[in-house]
**Q** 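Shown below is the structure under consideration.
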Protein chains: 2
Amino acid sequence: MEKKTTIYDIAAKLGLTAATVSRALNNNAKISLNTRKLVLETALEMNYEQNKLALALKSGKSYNVGVIVPRIDSNFFSTVIRGIEEELYPKGYHVIICQTHNQENLEIEKINSLLNVQVDGILMSISNADLEEDKGFNKLLKNKGTPLVFFDRKKDIKGVSSVTIDDFKGGYDATKHLIEQGCRRIAHLYNDRKFEIFNNRFLGYRQALLDNGIEFDESLEIETISNVAEGRKSARELLGRDRPPDAIFSSSDFAALGALQEIRERGLGIPEDICIVGFSNEPFTKFMELTITSVDQFPMEMGKVAAQVFLEEVSNIQDIKIAKNIVLTPELIVRKSSLKT
Amino acid sequence: MEKKTTIYDIAAKLGLTAATVSRALNNNAKISLNTRKLVLETALEMNYEQNKLALALKSGKSYNVGVIVPRIDSNFFSTVIRGIEEELYPKGYHVIICQTHNQENLEIEKINSLLNVQVDGILMSISNADLEEDKGFNKLLKNKGTPLVFFDRKKDIKGVSSVTIDDFKGGYDATKHLIEQGCRRIAHLYNDRKFEIFNNRFLGYRQALLDNGIEFDESLEIETISNVAEGRKSARELLGRDRPPDAIFSSSDFAALGALQEIRERGLGIPEDICIVGFSNEPFTKFMELTITSVDQFPMEMGKVAAQVFLEEVSNIQDIKIAKNIVLTPELIVRKSSLKT
DNA sequence: ACTTACATTGCAATCCATTACAACCAAATA
DNA sequence: TATTTGGTTGTAATGGATTGCAATGTAAGT
């Protein structure tokens, strides 16, 4: 473990000062060509590499950003992160990831933890719908030096930028599509509506019904959790009703899959008897034999755009910044599970 | 953007020295109870928070680790990363992620980049099979201060620890299972055998044939790339043969899926006519109606174990460290695609 | 020959926290 | 009373790089 060479080592070897070496390495105009060449050569020879930590301390920029997500092992989040990383790395940033697993305390804790390591910004998808009350979060907000950008699961907070998709439109389009397929009793499996995204999908669903003269039936609206087992459970419930639905729009692909499995096990046909539409366009929806219609959220682009918003914000820290709320347009991908021939 | 308070601010307010404040905050024994209490209170009051960057520069430990993977938006890698993050965060580490997209130059570049930001270690799955030649890589190896741990896709390099699964056993078990199902003409779709993992799966496959008295037929061994389209292509090729196979063992779930789709489109039955086994136990393999037999690699555990190996290595930097090569045991998950009743 | 100006380089402070070593004061001991 | 001792706190260096200002030297201008 030979210790790394510093600009002091180079300076000593050349009978110069660290200041001069620093300037030479940074192509500062005030250094003679000779000296610069000498320094550059010596630096190469001694395997010099800038210690970014020292630079960060001095400059106040760590060139690290923190990304906080509920979990990383989900296609949606890992794809967003991919987008963020690809957008930010060329600009010199590194991405630190944190997971919360929907635990309130972890969310606050990780924000603080990131702030302590002096990240230049935080991009996050909230996992705790009541976040704003918390002091750890407020601290970040007051701390106007470190930009905050929400993506996907945001909170409507003044002065905080966000990148989301138009979940209302997603819900609306999905429902409208089902109506166009001739469905009239369209059930909706929704997730925790304290989150804007889920509430908006729900509202889009209702609006589509309204616009098409279909009265909504609250008994067809069931709250679920985003996994296969819960989707099955909800489907079971729906199928037990006096008048079962002829379509299910789920705000989660996993719940949609569960419903699909339950329905087929009961001998019902998809899409003949019941159409199904999910949300997120998870990879498996197109891999199955009975492919599942779903709403694509363009996670990669969402990540890239969130990164761009962050970049804009860091570059005008001192200016009064106006929060930017970017809304991407989702796309309904129609597949077999809802396409009646 | 009020600037953060430092120990100097606290010291000034109390008429003390930064040194004293530092000691008080760190519960150093040599500080009087009074002073400590005073400092602690004032620190709270002034919203003091330790600047980890300064600490890192002073101590030489950044408490950051770098994780390099080909891409993060794959279930396998994101799950490994999840394991790493969950294991390391409680110990005070943050995880920086880097993707290479299998580009050689990026791999070297990102290693250097991580080294420059003074990560305390690097955990990586190589994406470039010829990595060892490169000087950026050698630098990391010589730089014994920063531990390196390979996971999954490793290179056999003296002194470098690794955590992998027993791919030979994975390939062997998969093939043996197919033989037990009565298959005799078992094709193998393998990926680039310059990688140990793929070569070992290949060797396991051959050994299983050998052990069961089945002569292997090189025409049944086809190189593919891990995606659906390539899997289809390979299947098409195999089905065009004079004597098509009665089973396919693919070293990738995606290629297996492609093969499955191609086979069914041709009206052949799975598993009746052709059995299929994939590798990785991607989520979709169990979601499909025709579930796919696959080999689970326990990515979460792999991540956790890799993190543990790293932790061990950082704690004995000065000691001569003996590389640890941990091999996890994979598990064949038998599903419909290969289970003849 | 003397001043002016410019081109280079050095000095020292700064970013923030830690820590070996020195210094100080008061109480206890000889 | 003089001295040792222990308990506290201060001094200053350290980690590595950057940068405003000062200083030096040299060539050009008058």
Side-chain angles (χ1 to χ4, degrees), chain A residues 1-40 42-43 46-64 92 115-120 145-146, chain B residues 1-40 42-43 46-64 92 115-120 145-146:
Chain A
M1 177 169 70
E2 68 264 24
K3 55 188 161 308
K4 287 140 188 161
T5 67
T6 72
I7 52 173
Y8 289 91
D9 300 328
I10 299 177
K13 181 152 189 176
L14 296 178
L16 290 172
T17 313
T20 307
V21 174
S22 170
R23 281 190 269 252
L25 292 171
N26 289 304
N27 281 321
N28 186 306
K30 321 191 151 189
I31 295 296
S32 75
L33 224 71
N34 255 340
T35 313
R36 175 168 331 176
K37 228 184 69 180
L38 210 60
V39 168
L40 256 32
T42 315
M46 298 176 78
N47 288 313
Y48 169 76
E49 263 149 36
Q50 195 189 41
N51 183 329
K52 301 275 185 195
L53 227 55
L55 180 57
L57 178 60
K58 182 72 176 76
S59 68
K61 285 209 62 169
S62 67
Y63 275 97
N64 279 149
L115 250 24
N116 282 347
V117 297
Q118 313 293 116
V119 290
D120 292 346
T146 34
Chain B
M1 174 168 72
E2 68 264 25
K3 56 188 162 307
K4 286 141 190 162
T5 65
T6 71
I7 51 173
Y8 288 90
D9 300 328
I10 299 177
K13 182 153 191 177
L14 296 178
L16 290 173
T17 313
T20 307
V21 174
S22 169
R23 281 190 271 251
L25 292 171
N26 289 303
N27 281 321
N28 185 307
K30 324 194 149 186
I31 295 295
S32 74
L33 225 71
N34 256 340
T35 313
R36 174 170 330 179
K37 228 183 72 182
L38 209 61
V39 169
L40 255 32
T42 315
M46 300 177 76
N47 288 315
Y48 169 75
E49 264 151 33
Q50 195 189 42
N51 183 328
K52 302 274 186 196
L53 228 55
L55 180 57
L57 177 59
K58 184 72 177 75
S59 69
K61 283 209 65 171
S62 67
Y63 275 96
N64 281 150
L115 251 23
N116 282 348
V117 295
Q118 312 294 116
V119 291
D120 292 345
T146 34

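In this text, all values refer to a predicted model and were calculated from it rather than measured experimentally. The sequence lines fix the lettering, A, B, ..., with proteins before strands; numbering per chain opens at 1. Reckoned from all heavy atoms, side chains included, excluding hydrogens, waters and symmetry mates.
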**Q** Would you say B:Val39 and B:Leu25 make side-chain contact, with heavy atoms under 4.5 Å?
**A**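 Result yes, sub-4.5 Å side-chain heavy-atom pair found.
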**Q** Can you name the atoms? Protein N/O to nucleotides 5-8 of chain D N/O, anything below 3.5 Å, with the distance.
**A**
none

**Q** Can you give me every donor-acceptor pair (side chain of residues 6-24 of chain A, partner residue at least two apart or in another chain, under 3.5 Å) with its distance?
**A**
residue: A:Thr6; atom: OG1; partner: A:Tyr8; partner atom: N; Å: 3.0
residue: A:Thr6; atom: OG1; partner: A:Asp9; partner atom: N; Å: 3.3
residue: A:Asp9; atom: OD2; partner: A:Thr6; partner atom: N; Å: 2.8
residue: A:Ser22; atom: OG; partner: A:Asn26; partner atom: ND2; Å: 3.4

**Q** Can you tell me the distance, in whole Å, between the NZ atom of B:Lys58 and the P atom of D:dA17?
**A**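 To the nearest whole Å, that distance equals 16 Å.
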**Q** Heavy atoms of chain A, cut-off under 4.0 Å: which first and last nucleotide of DNA chain C, 5' to 3', fall inside that, if you could look?
**A**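 Contact span on the strand: C:dT8 to C:dC16.
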**Q** What is the bend of the helix from C:dA1-D:dT30 to C:dA30-D:dT1 when you compare the axis at one end with the axis at the other, using five pairs each and rounding to 10°?
**A**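 Both end axes considered, the difference amounts to 70°.
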**Q** B:Tyr48: what forms a ring-ring contact (aromatic ring centres under 6.0 Å, His included) with it, not counting sequence neighbours?
**A**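 Partners of B:Tyr48 by the ring-ring contact (aromatic ring centres under 6.0 Å, His included) criterion come out as none, since no residue qualifies.
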**Q** Starting at CG of A:Leu115, measure out to CG of B:Asn51 and round the result to the nearest 0.5 Å.
**A**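 Reported value, rounded in 0.5 Å steps: 11.0 Å.
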**Q** Suppose we screen for side-chain hydrogen bond (donor to acceptor under 3.5 Å, both in side chains). Which residues come up paired with A:Thr42, at least two apart in sequence or across chains?
**A**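 A:Thr42 satisfies side-chain hydrogen bond (donor to acceptor under 3.5 Å, both in side chains) with no residue once adjacent residues are dropped.
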**Q** Expressed in angstrom and rounded to an integer, what is the separation of A:Leu25 atom CG from D:dT18 atom P?
**A**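 Rounded to whole Å, this separation is 8 Å.
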**Q** Report the residues that fulfil side-chain hydrogen bond (donor to acceptor under 3.5 Å, both in side chains) with B:Gln118, sequence neighbours left out, ordered by chain and then residue number.
**A**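 Testing B:Gln118 for side-chain hydrogen bond (donor to acceptor under 3.5 Å, both in side chains), a comparison that skips the adjacent residues, returns none.
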**Q** Under 4.0 Å from any atom of DNA chain D, heavy atoms only: list the residues of residues 7-20 of chain B that qualify, in numerical order.
**A**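 Within this stretch, B:Gly15, B:Leu16, B:Thr17, B:Ala19, B:Thr20 sit under 4.0 Å of the strand.
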**Q** Report the distance from atom CG of B:Leu55 to atom C1' of D:dG16, rounded to the nearest whole Å.
**A**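 The answer, rounded to whole Å, is 15 Å.
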**Q** Are the side chain of A:Ser59 and the backbone N or O of A:Leu55 linked by a donor-acceptor pair below 3.5 Å?
**A**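 It does hold such a pair.
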**Q** Please identify each residue that fulfils side-chain hydrogen bond (donor to acceptor under 3.5 Å, both in side chains) with B:Lys58, with sequence neighbours left out.
**A**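 Counting only residues at least two positions away or on another chain, B:Lys58 forms no side-chain hydrogen bond (donor to acceptor under 3.5 Å, both in side chains).
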**Q** For B:Thr5, check side-chain hydrogen bond (donor to acceptor under 3.5 Å, both in side chains) against everything at least two apart and list the hits.
**A**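 Once residues adjacent in sequence are excluded, B:Thr5 has no partner under the side-chain hydrogen bond (donor to acceptor under 3.5 Å, both in side chains) criterion.
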**Q** Check the surroundings of atom CG in A:Asn27: do more than 12 heavy atoms from other residues, nucleotides or ligands lie under 6.0 Å from it?
**A**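 Yes, enclosed.
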**Q** Looking at A:Ser22, does any N or O in its side chain come under 4.0 Å of the phosphate oxygens OP1/OP2 on D:dA17?
**A**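 So the side chain of A:Ser22 is outside the cut-off, no N or O lying under 4.0 Å from OP1 or OP2 of D:dA17.
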**Q** Which residue, B:Ala54 or B:Arg23, contacts DNA chain D at a nucleotide closer to its 5' end, judged by nearest heavy atom?
**A**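 Nearest-nucleotide comparison on DNA chain D picks B:Arg23.
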**Q** Could you tell me which non-hydrogen atom of B:Ser62 sits nearest to which non-hydrogen atom of B:Ala56, and how far apart they are?
**A**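 Looking at all heavy atoms of both residues, the shortest contact is CA-CB, 3.7 Å.
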**Q** Find the distance between CG (B:Leu53) and NZ (A:Lys61) and round it off to the nearest 0.5 Å.
**A**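 Here the rounded value is 13.0 Å.
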**Q** Quick one: does any side-chain atom of B:Asp120 pair with a main-chain N or O of B:Tyr63 as donor and acceptor, under 3.5 Å?
**A**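 Yes: the side chain of B:Asp120 pairs with the backbone of B:Tyr63.
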**Q** Between B:Leu57 and B:Arg36, which has a closest nucleotide on DNA chain D that is more 5'?
**A**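 Going by which nucleotide is closer to the 5' end, it is B:Arg36.
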